[in-house]
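In what follows, a single structure is set out as structure tokens and then discussed.
Proteins get letters first, then strands, A, B, ... in listed order; numbering begins at 1 in each. Just so you know, these numbers come straight off a predicted model, no measurement behind them.
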Protein chains: 2
Amino acid sequence: MELTNWLEKRVRLSPEKTALVFHDKQETFVEVYDAVQKVAGKLGGFGVRQGAYVALLGRNDRDTFLMIHALQQIGARTVFLNNRLTATEIVFQIQDARVACCFYADEFAPKMVSLDVEANSFSSVMSAPVLDIPLVPNFAMDEVASVMYTSGTTGKPKGVMQTFGNHWWSATGSMLNLGLEASDSWLCAVPIFHISGLSILMRSVIYGIPVYLEEHFDARRTDALLRNGEVTMISVVTTMVERLLDVFQEPYHPHFRCMLLGGGPASQSLLEACFENGIPLVQSFGMTETASQIVTLPPEEALQKIGSAGKALFPAEVKIGEHDEILLKGPSIMAGYLHNEKATEGAFDADGWFQTGDIGYIDEDGFLFVLERRSDLIISGGENVYPTEIEHVLLEHPSVAEVAVVATPSEKWGEVPVAFVVTKTGIESQSLLTFCEQRLAKFKIPQQFYFLEKLPKTASQKVQRHRLKERLH
Amino acid sequence: MELTNWLEKRVRLSPEKTALVFHDKQETFVEVYDAVQKVAGKLGGFGVRQGAYVALLGRNDRDTFLMIHALQQIGARTVFLNNRLTATEIVFQIQDARVACCFYADEFAPKMVSLDVEANSFSSVMSAPVLDIPLVPNFAMDEVASVMYTSGTTGKPKGVMQTFGNHWWSATGSMLNLGLEASDSWLCAVPIFHISGLSILMRSVIYGIPVYLEEHFDARRTDALLRNGEVTMISVVTTMVERLLDVFQEPYHPHFRCMLLGGGPASQSLLEACFENGIPLVQSFGMTETASQIVTLPPEEALQKIGSAGKALFPAEVKIGEHDEILLKGPSIMAGYLHNEKATEGAFDADGWFQTGDIGYIDEDGFLFVLERRSDLIISGGENVYPTEIEHVLLEHPSVAEVAVVATPSEKWGEVPVAFVVTKTGIESQSLLTFCEQRLAKFKIPQQFYFLEKLPKTASQKVQRHRLKERLH
């Protein structure tokens with residue numbers, strides 16, 4: 001099945017609606033489309049063709065935004081490179097994806113080394129002549145639109161193939177849960193090379209609403225946008241919420257209706273702080289493989305089910321499989337891993353359920369609670385120890401800013417938990433130990449506290465637990 | 001592709017939301033689902049099985065509402081019988097659809113005669129024991145959910161097969177145009193055996209919003225519901241709008257946000273009267289074959305493009321083909337005519353565009369204007385004469401309540417227009433003639449005026465022009 005090229009269709013439906021707000025400059029869909037067509041014409045001179053895998057190393061700016069749409073218009077399959085990767089990591093992904101060519105924002109030139117394929121800077125594209133090349137009239141639902149390598153907290157990164165259908169069903173599934181109002185707009189301060197950001201761009205075109213694209217997340221600037229009523233939705237991860245709460249003084253505008261939280265569970269105290277301040281936080285669960293949120297807490301349940309990721313969106317299903325693993329089904333789930341049939345097969349069970357590798361449970365009312373990455377689970381003396389449970393306890397301590405708990409081998413218990421802590425003020429291990437002893441069973445208490453300036457994180461702000469574990473060796 | 005059984009999924013997502021308001025009694029989705037499951041169990045005793053065609057002759061009431069959902073839960077394909085049909089017409093449709101059995105609301109027993117298949121009254125179903133029969137876990141998008149015979153203004157009625165996918169894409173396409181708000185509810189005062197009504201039931205389940213089901217359209221009662229803020233959307237045809245304007249005194253509630261007009265174009269004066277009174281009229285174009293509206297005027301354009309049906313919804317396309325025929329494409333368009341491959345083939349052109357049989361044009365901004373059924377076009381002395389143009393002129397006359405213009409054969413011109421008029425007050429033909437002469441080119445002026453008490457109409461309030469033509473012979 002195919003639909004008309006979405007951007008072209010959107011331009012015909014609502015040419016004069018705002019599509020993009022970047023650096024406070026507004027552009028309508030017809031203006032964006034004109035610019036996108038020009039960029040597509042320029043790309044024509046670089047040999048970009050329909051069906052080719054093309055790597056894109058960009059940032060949250062207008063040029064990258066235009067490149068993303070231009071590549072879609074040509075029918076290329078965009079391999080999104082995370083701009084926090086090292087040159088070595090980039091080489092791996094480019095080789096693994098067998099890309100035809102690369103395009104990069106000029107500042108990232110130092111990362112474009114040792115490549116076997118042609119790489120061109122955005123400035124060389126933008127200054128090229130506009131060729132007359134064919135744009136795709138239709139988007140086929142089963143055609144690969146984007147490839148994103150999973151951040152790889154364990155194992156080698158794999159290229160997740162997201163089809164147009166995946167993006168479509170994600171956008172409409174979200175709409176059935178969160179609604180769609182004429183005045184809606186979505187603030188994108190998460191990376192657009194990540195599914196959390198790209199999905200906002202896709203929703204913008206499908207819904208016909210503006211993207212407020214931010215180069216970087218700036219808590220004060222975002223706070224101002226949420227207070228002045230210009231944006232109605234924002235996608236966030238927990239660290240962004242924390243920073244927003246740090247600068248929070250006045251209530252957000254009543255038009256602001258959804259702070260969509262992804263990228264891992266938040267602590268009880270953080271959730272409560274949001275609700276106390278009237279912040280419409282909507283918890284969710286999703287991953288690159290599900291083309292963003294697939295389980296979301298309906299806004300009307302947000303307070304009753306604090307800590308839950310919610311229920312599977314209308315087109316999707318969630319269930320708990322063996323070893324408490326969270327299993328998912330639905331049309332927003334990826335086509336598979338690029339050039340990696342074995343990994344694709346391994347990702348789905350015999351009945352076609354996608355195996356998330358996350359552990360959780362579903363309560364008696366059907367709400368999903370995500371506990372842990374399966375690989376993060378600590379098994380200590382035969383007991384399941386959930387790092388997040390310990391982290392949530394430590395986060396209640398007034399001096400603790402951030403914390404990550406991981407396993408370290410133990411002769412006696414197999415594994416035991418240890419904690420890496422970022423503090424707000426100086427504090428002794430003993431104080432944390434006492435704090436834990438009052439709140440946690442003995443086998444859950446970290447055997448060691450390590451103090452860090454900051455935790456190692458992925459571009460999408462997930463703590464890289466494997467890097468913490470490496471420190472223990 | 002398949003999704004979880006929609007009603008079951010909706011119940012899990014929002015069990016306590018209102019699903020149905022009938023006779024001022026509210027029922028939640030979980031209450032409706034319980035009742036539907038019981039009815040499904042009762043139907044089990046009557047041999048209703050998955051995949052069977054089952055005829056349903058109901059009315060706008062709770063029992064029919066439950067039967068529709070119960071048949072879907074069992075996986076039967078419901079053949080919707082129009083309750084204004086004669087016994088003879090019903091026999092034709094039942095035979096043509098090769099139904100396994102029929103169910104009818106008790107009051108329609110007299111219409112259930114000369115049938116070759118078993119027919120059971122609703123009361124016999126409702127008093128039957130509840131059997132334990134399997135309900136379908138999933139709805140396949142390409143599975144036939146409903147069959148509706150086109151009202152057949154010309155030729156023999158054909159059974160339009162509407163799949164679950166057709167209903168899904170219609171509902172989501174509409175949502176992308178009209179939005180979806182948490183407080184939405186849809187008033188259904190159009191027949192639920194017609195796509196205008198059934199599509200409201202489908203949207204209710206997909207969106208999770210209440211249906212306010214009305215037994216009959218009552219202008220005063222509807223006026224009250226639109227004023228008190230309980231309903232936010234309503235589907236109407238032009239005669240309903242006229243009757244609402246007749247009783248209109250106070251503005252509707254600000255929560256009321258969409259009066260979706262289908263079933264044929266409205267006159268300029270009617271549209272203007274709505275806008276003068278702040279009524280949020282949304283014009284649209286659709287048919288049984290498109291699972292309701294497929295071209296709709298975006299609310300923000302309603303005033304700029306008075307008289308236009310709008311633009312094709314996001315998942316659809318419209319274009320003008322040979323002889324100015326309106327052609328449509330999109331996933332809400334029917335699978336075909338039941339047991340009638342020849343008619344199905346004839347309905348689509350070589351490129352898969354559905355040929356509506358309606359004539360229209362698309363203006364320079366991309367808005368569709370529907371002129372006429374192709375079969376209604378009058379060709380007089382080589383000139384195209386559009387009955388609706390003449391009708392709209394006559395409706396401006398203060399004494400004219402309703403009018404229909406049809407062709408009558410003429411030796412000199414091939415065809416000439418004649419008018420059937422329903423008057424508000426007594427009036428002479430000469431006065432109408434003079435009125436037309438001042439406003440219409442000579443070849444458009446009706447050669448004869450016939451005065452009727454009322455115009456013959458289909459169940460969906462479309463004028464039956466063929467019956468008017470028959471009077472001329």
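The CG atom of L13(A) sits 9.0 Å away from the CG atom of L176(B) when rounded to the nearest 0.5 Å. In this structure, OG in S14(A) is found 7.0 Å from NZ in K311(B), a value given to the nearest 0.5 Å. The CG atom of L180(A) lies 10.0 Å from the CG atom of N177(B); values are rounded to the nearest 0.5 Å.
The existence of a salt bridge linking E317(B) and R12(A) is confirmed by a sub-4.0 Å separation between a basic side-chain nitrogen and an acidic carboxylate oxygen.
A heavy-atom distance below 4.5 Å is found between the side chains of F314(A) and W168(B). Side-chain contact check for M175(A) versus M175(B): some heavy-atom pair is nearer than 4.5 Å.
If you measure heavy-atom distances from I206(A) to chain B, the contacts under 4.5 Å come from both the backbone and the side chain.
Around the NE2 atom of H255(A), the shell of radius 6.0 Å holds no more than 12 heavy atoms that belong to other residues, nucleotides or ligands.
Chain A forms the most heavy-atom pairs under 4.5 Å with one residue out of T172(B), T4(B), D365(B), L313(B), and that residue is T4(B). Ranked by heavy-atom pairs shorter than 4.5 Å toward chain B, the options G179(A), A171(A), G366(A), G208(A) are led by G179(A). Put simply, of A182(A), P298(A), A312(A), the one with the most heavy-atom pairs under 4.5 Å next to chain B is A312(A).
Residues of residues 328-336 of chain A that come within less than 4.5 angstrom of chain B, heavy atom to heavy atom, are P331(A) in numerical order.
Closest approach of K9(A) and A316(B) over heavy atoms only: NZ-O, 2.7 Å. Taking every heavy atom of both residues into account, W169(B) and L3(A) meet most closely at CZ3-CD1, 4.0 Å.
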